[in-house]
Amino acid sequence: MTTSAPVAFPHVPTPHPTPDAQRAGLLADPGFGRVFTDHVASATWTAELGWHDTGVRASEPLSLHPAAAVLHYAQEIFEGLKAYRQPDGSVALFRPALNAARFARSARRLALPELPEQAFVDAVAGLVRADAAWVPEPPASLYLRPFTVATEAFLGVRAAEEARFLVTASPAGPLFAGRDAGLTLWISEELSRAAPGGTGDAKCGGNYAAGLAAQSLARAHDCDQVLFLDAREHRWLEESGTMNVLLVTADGELVTPPLGTILDGVTRRSVLELVADHGLTAVERPVSVEELRAGCADGSITEVFATGTAAVISPIVAFRSATGAFTVGAGTPGPHTLALRTELLDIQFGRVPDPRGWRVPVALT
Ligand code: COI
């Protein structure tokens, strides 16, 4: 399903750019996921032609046939990454090759056409270049949402033979605004997100749709998000609705559930690579809800936090469930959580050297 020819994204500027003063007003307090830039990157795929009709062009509403496969069978994948304004005014992406590789894996799982990984990065960079004026100053950033949808109008159930890839961009502040004191998670003891052999490790809209009922329950119990357990035993920690989950132990480990039915998060992976410098040993192993509860009670688990592109590193200070509530440590964000968060943001916003080469500058001209 992959085209081998290079895919270029020529820029055709919108004839109706947002006036400077209006854009400045929007950038002053963008919130999360509500403000969108002037352009999109776009490519069309058909079984016959492969990827074609590519470009960075004006953002406008999509026209889809009512029988488009994505509307009926949820054949869709997406990614999330950010562009960060650097101290010298330039703009950098953070490890976009990891998103490109995951997008290709998700495409294979959802039987969608695979965009070559370099084309993914070029599309994202081309959009950031076109909308560079929309990259906010820190602490906000430009959230980028690449996605592919099955557009073929056909009600039979099979892999669609027409699809569209788009990247839309959204200047964004924090996902959990006003929750710096830490999140409370609702442990979902009945509703699961993913099962072995399913799509839990793909980034597809269906996973998020499947999580919404549990998220509503979380909200109803005054929690910020849900923590999913495994589908078989309802016992083993998986991931939160939009984030990976990690625990710090009193004996110096950073423990996180293994990959398989959870998303291979770019922030999760980066944190696992950073923690040795923080005096912690990274351990990927199953963690039961009993261990979480007992460890928080006896102090052997000292901190819990969540990671994600949108969530960055968010402290988790308490849990609730149908079978009881408990607090992590003193119920305040822990020192390792805060130090890792500072280090990650410093790398992303170019405030410290980047020996690992995680920042990828976007050529703006
Ligand atoms: C991200 O962190 O990029 C995500 O995709 C989570 C989200 C659905 C906001």
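Start at 1 and go down the list; that is how both ligands and their atoms are numbered. Quick note: residue numbers are just sequence positions, from 1.
- A ring pair (Phe, Tyr, Trp, His ring centres under 6.0 Å) with Phe78 is found for exactly one of Tyr208, Phe103, Phe165, Phe120, namely Tyr208.
- Side chains of Glu48 and Thr46: a donor-acceptor N/O pair is absent below 3.5 angstrom, by distance only.
- Among residues two or more places apart in sequence or in another chain, the side-chain contact (heavy atoms from CB on, under 4.5 Å) test is passed with Ala92 by Gln86, Arg359.
- The side chain to side chain donor-acceptor pair (under 3.5 Å) pairs that include a residue from residues 19-31 are Asp20-Arg23, where partners are two or more places apart or lie in different chains.
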Expected list for residues 134-144: side-chain donor-acceptor pairs under 3.5 angstrom, two or more places apart:
from   : atom 1 : to     : atom 2 : distance (Å)
Trp134 : NE1    : Asp38  : OD2    : 3.4
Tyr143 : OH     : Arg145 : NH2    : 2.8

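- The residues lining ligand 1, counting any heavy atom closer than 4.0 Å, are Phe78, Gly80, Tyr143, Arg145, Lys203, Tyr208, Thr242, Thr309, Ala310.
- Within the 4.5 Å cutoff, the side chain of Leu93 has heavy atoms near those of the Val362 side chain.
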